[in-house]
Amino acid sequence: MSTSAKSYAAQSATSPLAPFALERRTPTDTDVAIEILFCGVCHSDLHTARNEWQNTVFPVVPGHEIVGRVTAVGSKVTKFRQGDLVGVGCMVDSDRTCPSCQAGLEQYCVQFPILTYNSPDKHLGGMTYGGYSDSVVVDEAFVLRVPDNLDPAAAAPLLCAGITTYSPLRHWKVSKGQKVGIVGLGGLGHMGLKFAHALGAHTVLFTTSPNKAEDAKRLGADEVIISKDAEQMQKHANSFDFILDAVAADHDLNAYLSLLKVDGTMVLVGAPEKPLPVASFSLIMGRRSLAGSLIGGIAETQEMLDFCGEHNIVSDIETIDIQNINEAYERMLKSDVKYRFVIDMASLKK
Ligand code: NAP
Ligand code: ZN
């Protein structure tokens with residue numbers, strides 16, 4: 001049993017997103033039905049819509065920064081009620097029994113989590129469809145509470161850009177007294193700046209866009225480095241405790257690794273289409289570490305949302321109608337986003 005929903009989908013790697021009718025399941029006992037109010041536009045949506053990671057099953061409905069209102073709950077749902085403001089991020093299920101899931105690290109589920117879009121849908125068959133839609137049905141275990149004091153549109157990007165930057169900053173214990181770099185001032189990067197600043201670190205933004213320097217300072221950067229300027233980069237050699245790389249395209253990792261102190265760590269959250277070369281000497285000199293991090297678990301995502309509620313942290317957004325999604329993708333490719341597009345889903349009714 002199911003009900004029909006409106007959405008925007010890409011039918012192939014080269015076709016623009018366009019209106020698409022899909023089915024949402026009738027809520028099970030443990031499901032929450034959600035009217036989607038806002039959905040952020042992540043660069044992963046673009047990578048997937050254009051099959052840049054070569055794993056897209058078409059048609060694909062992207063969107064994993066969902067904020068909405070609960071419209072119905074199953075009989076065994078205990079955490080949510082009709083009318084609650086809720087969020088859904090990148091995952092809608094996992095095996096829930098493997099060591100990762102038991103540890104609250106559903107994103108590292110050994111069976112691989114069921115992602116909000118482009119994952120096999122065990123309920124209806126086919127693939128899961130994401131948040132560029134008017135509704136979604138999700139098991140309550142993967143639904144988050146959105147603090148009421150946050151603007152719902154500006155809170156939407158917390159569900160991916162927020163948790164993806166918060167989780168590594170916490171895991172590697174970024175704190176006061178440390179010098180921390182954030183690479184790339186896009187959707188993820190601007191949240192990384194806000195969190196690193198809120199955690200008390202001396203925060204430095206690396207950008208390829210000199211015109212973003214002023215904004216970066218407003219968003220929490222103590223210093224801004226134009227990464228194309230080798231002289232500026234050299235001045236910071238061997239000085240960083242931690243660097244978070246949120247770049248979506250090809251770039252030189254070695255230039256950043258050489259800025260780490262002895263035992264410093266650089267973490268990749270950006271997922272460019274092509275592999276990035278690493279010189280052994282970039283790591284050997286200084287016993288440096290290069291690591292990666294994928295979103296965050298459900299409990300940690302709730303912790304991040306609550307942290308944002310307490311510190312009044314949301315994303316800096318530009319709200320768009322869904323009819324402008326293809327233009328938004330082109331602007332995202334030009335690093336012309338300040339600093340996250342969020343789709344107002346009321347536009348789907350137009
Ligand atoms: P975004 O908003 O497009 O931001 C990416 C930023 O990278 C740009 O704003 C730009 O910042 C910088 N950049 C772009 N091209 C560059 C180039 N050629 N060289 C150097 N810097 C460049 O993207 P996003 O949504 O934040 O996502 C960033 C990446 O993270 C994507 O690959 C996405 O798929 C990935 N991601 C990973 C996870 C995870 O769990 N690990 C979760 C979500 C997203 P400046 O203008 O400041 O240089
Ligand atoms: Zn994302």
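Because the structure is a prediction, the values reported are computed rather than measured.
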Here the gap from Leu294 atom CG to Leu268 atom CG, rounded to the nearest 0.5 Å, amounts to 12.5 Å
At their closest point, which heavy atom of Ala216 faces which heavy atom of Leu205, and how far apart are they?
CB-CD2, 3.4 Å
Is there a side-chain contact between Leu219 and Leu185, using heavy atoms and a 4.5 Å cut-off?
yes
Does CD belonging to Glu214 count more than 12 external heavy atoms closer than 6.0 Å?
no
Distance-minimising heavy-atom pair for Asn254 and Pro277
ND2-O, 3.3 Å
With distance as the sole criterion, is a donor-acceptor pair present between the side chains of Glu35 and Thr71 under 3.5 Å?
no
What pair of heavy atoms forms the shortest contact from Thr116 to Gly89, and how long is it?
OG1-O, 2.6 Å
Side-chain contact test, heavy atoms from C-beta onward, threshold under 4.5 Å: evaluate it for Val32 versus Pro27 and give yes or no.
no
Aromatic centroids of Tyr132 and Tyr8 separated by under 6.0 Å:
no
Verify whether one side chain among Asp29 and Ser75 offers a donor that lies under 3.5 Å from an acceptor in the other.
yes
Distance from Leu150 atom CG to Leu305 atom CG, nearest 0.5 Å?
7.5 Å
Residues Leu115, Met91; criterion side-chain contact (heavy atoms from CB on, under 4.5 Å); working and verdict:
CA-CA 4 Å; Leu115 301 177; Met91 301 180 284; 4.3 Å; yes
What closest approach, in Å, do Ile182 and Ala196 show between heavy atoms, and which atom pair accounts for it?
CD1-CB, 4.5 Å
Under the criterion side-chain hydrogen bond (donor to acceptor under 3.5 Å, both in side chains), I'd like the reasoning laid out for Tyr117 against Asp45: C-alpha separation, chi angles, the key distance, then a yes or no.
CA-CA 9 Å; Tyr117 59 82; Asp45 300 350; 2.7 Å; yes
What I want to check is whether the side chains of Glu23 and Ser2 have a donor and an acceptor closer together than 3.5 Å.
yes
Tell me which one of Lys79, Arg25, Lys76 satisfies salt bridge (Lys or Arg N to Asp or Glu O under 4.0 Å) with Asp31.
Arg25
Should Phe240 and Met266 be marked as a side-chain contact (heavy atoms from CB on, under 4.5 Å) after you check the CA-CA gap, both sets of side-chain angles, and the distance that decides it?
CA-CA 9 Å; Phe240 280 85; Met266 172 152 161; over 6 Å; no
Where the side chain of Ser209 meets the backbone of Asn211, is there a donor-acceptor pair that is under 3.5 Å apart?
no
Kindly give the heavy-atom pair with the smallest separation between Ser15 and Ala10, and that separation in Å.
O-CB, 4.2 Å
Would Ile243 end up clustered with Met191 when hydrophobic side chains under 4.5 Å apart are linked, directly or stepwise?
no
Could you give the distance from SG (Cys39) to CG (Asp134), rounded to the nearest 0.5 Å?
12.0 Å
Are the side chain of Thr203 and the backbone N or O of Leu193 linked by a donor-acceptor pair below 3.5 Å?
no
Quick one: are Phe206 and Met233 in side-chain contact, heavy atoms under 4.5 Å?
yes
More than 12 heavy atoms of other residues, nucleotides or ligands under 6.0 Å from CD of Gln54: is that the case?
no
Is a donor on one side and an acceptor on the other found under 3.5 Å between the side chain of Trp172 and the backbone of Val267?
no
Check: Ser227 side chain, Thr207 main-chain N or O, donor-acceptor pair, under 3.5 Å:
yes
4.5 Å side-chain heavy-atom contact, Pro59 and Tyr129:
yes
For the residue pair Tyr166 and Glu303, confirm or rule out a side-chain donor-acceptor distance under 3.5 Å.
yes
Please check if Val247 and Met332 belong to a single hydrophobic cluster, counting links between Ile, Leu, Val, Met, Phe, Trp and Tyr side chain heavy atoms closer than 4.5 Å.
no
Under a 4.5 Å cut-off applied to non-hydrogen side-chain atoms, are Val73 and Glu140 in contact?
no
Does Arg288 use its side chain to pair, donor to acceptor, with the backbone of Leu257 at less than 3.5 Å?
yes
A quick test of your reading: do over 12 heavy atoms of other residues, nucleotides or ligands sit less than 6.0 Å from CZ of Phe281?
no
Tell me whether Leu244 shares a hydrophobic cluster with Leu276, the cluster being built from Ile, Leu, Val, Met, Phe, Trp, Tyr side chains joined at under 4.5 Å.
no
Please say whether more than 12 non-hydrogen atoms of neighbouring residues, nucleotides or ligands are located less than 6.0 Å from NE2 in His197.
no
I'd like to know whether Asp222 forms a salt bridge (charged side-chain N to carboxylate O under 4.0 Å, His left out) with Lys179, so could you lay out the CA-CA distance, the side-chain angles of the two residues, the decisive distance to 0.1 Å, and finally the verdict.
CA-CA 10 Å; Asp222 297 293; Lys179 182 171 172 184; over 6 Å; no
Tightest non-hydrogen contact, residues Val224 and Ala213, listed as CG2-O, 3.8 Å
Looking at Ile298, is its backbone amide N or carbonyl O close enough to the side chain of Glu106 to form a donor-acceptor pair, meaning the two atoms are under 3.5 Å apart?
yes
Heavy-atom side-chain contact between Leu159 and His64 under 4.5 Å:
no
Is a side-chain N or O of Ser100 found less than 3.5 angstrom from the main chain of Tyr108, in a donor-acceptor match?
yes
Ignoring hydrogens and geometry, is there a side-chain-to-backbone donor-acceptor pair from Lys6 to Pro19 under 3.5 Å?
no
Applying a strict under-4.5 Å side-chain criterion to I, L, V, M, F, W and Y, I'd like to know whether Phe20 and Val41 cluster together.
yes
Do the non-hydrogen side-chain atoms of Asp250 and Pro272 ever get within less than 4.5 Å of each other?
no
Rounded to the nearest 0.5 Å, what's the gap from CD on Gln178 to CZ on Phe242? Could you check?
9.0 Å
Answer yes or no: are there more than 12 heavy-atom neighbours, outside Arg96 itself, under 6.0 Å from its atom CZ?
yes
Any chance you could lay out the salt bridge (charged side-chain N to carboxylate O under 4.0 Å, His left out) test for Asp215 and Arg218, step after step, and finish with the verdict?
CA-CA 5 Å; Asp215 282 350; Arg218 177 177 56 79; 3.5 Å; yes
Side-chain heavy atoms nearer than 4.5 Å, only ILVMFWY residues, links allowed to pass through others: does that put Val180 and Leu259 together?
no
Nearest-0.5 Å distance that lies between atom CG in Asp336 and atom CZ in Phe341
6.0 Å
Stepwise, does the salt bridge (charged side-chain N to carboxylate O under 4.0 Å, His left out) test hold for Arg50 with Glu330?
CA-CA 12 Å; Arg50 301 194 176 175; Glu330 291 309 312; 2.8 Å; yes
Between atom CD1 of Ile343 and atom CZ of Phe38, what is the distance when rounded to the nearest 0.5 Å?
11.5 Å
Check: Asp151 side chain, Ala155 main-chain N or O, donor-acceptor pair, under 3.5 Å:
no
Checking Asp316 side chain against Tyr339 main chain: does a donor-acceptor pair fall under 3.5 Å?
no
With Arg340, which of Glu318, His43, His190, Glu65 fulfils side-chain hydrogen bond (donor to acceptor under 3.5 Å, both in side chains)?
Glu65
Side chain proximity check, Met127 to Asn118, heavy atoms < 4.5 angstrom:
yes
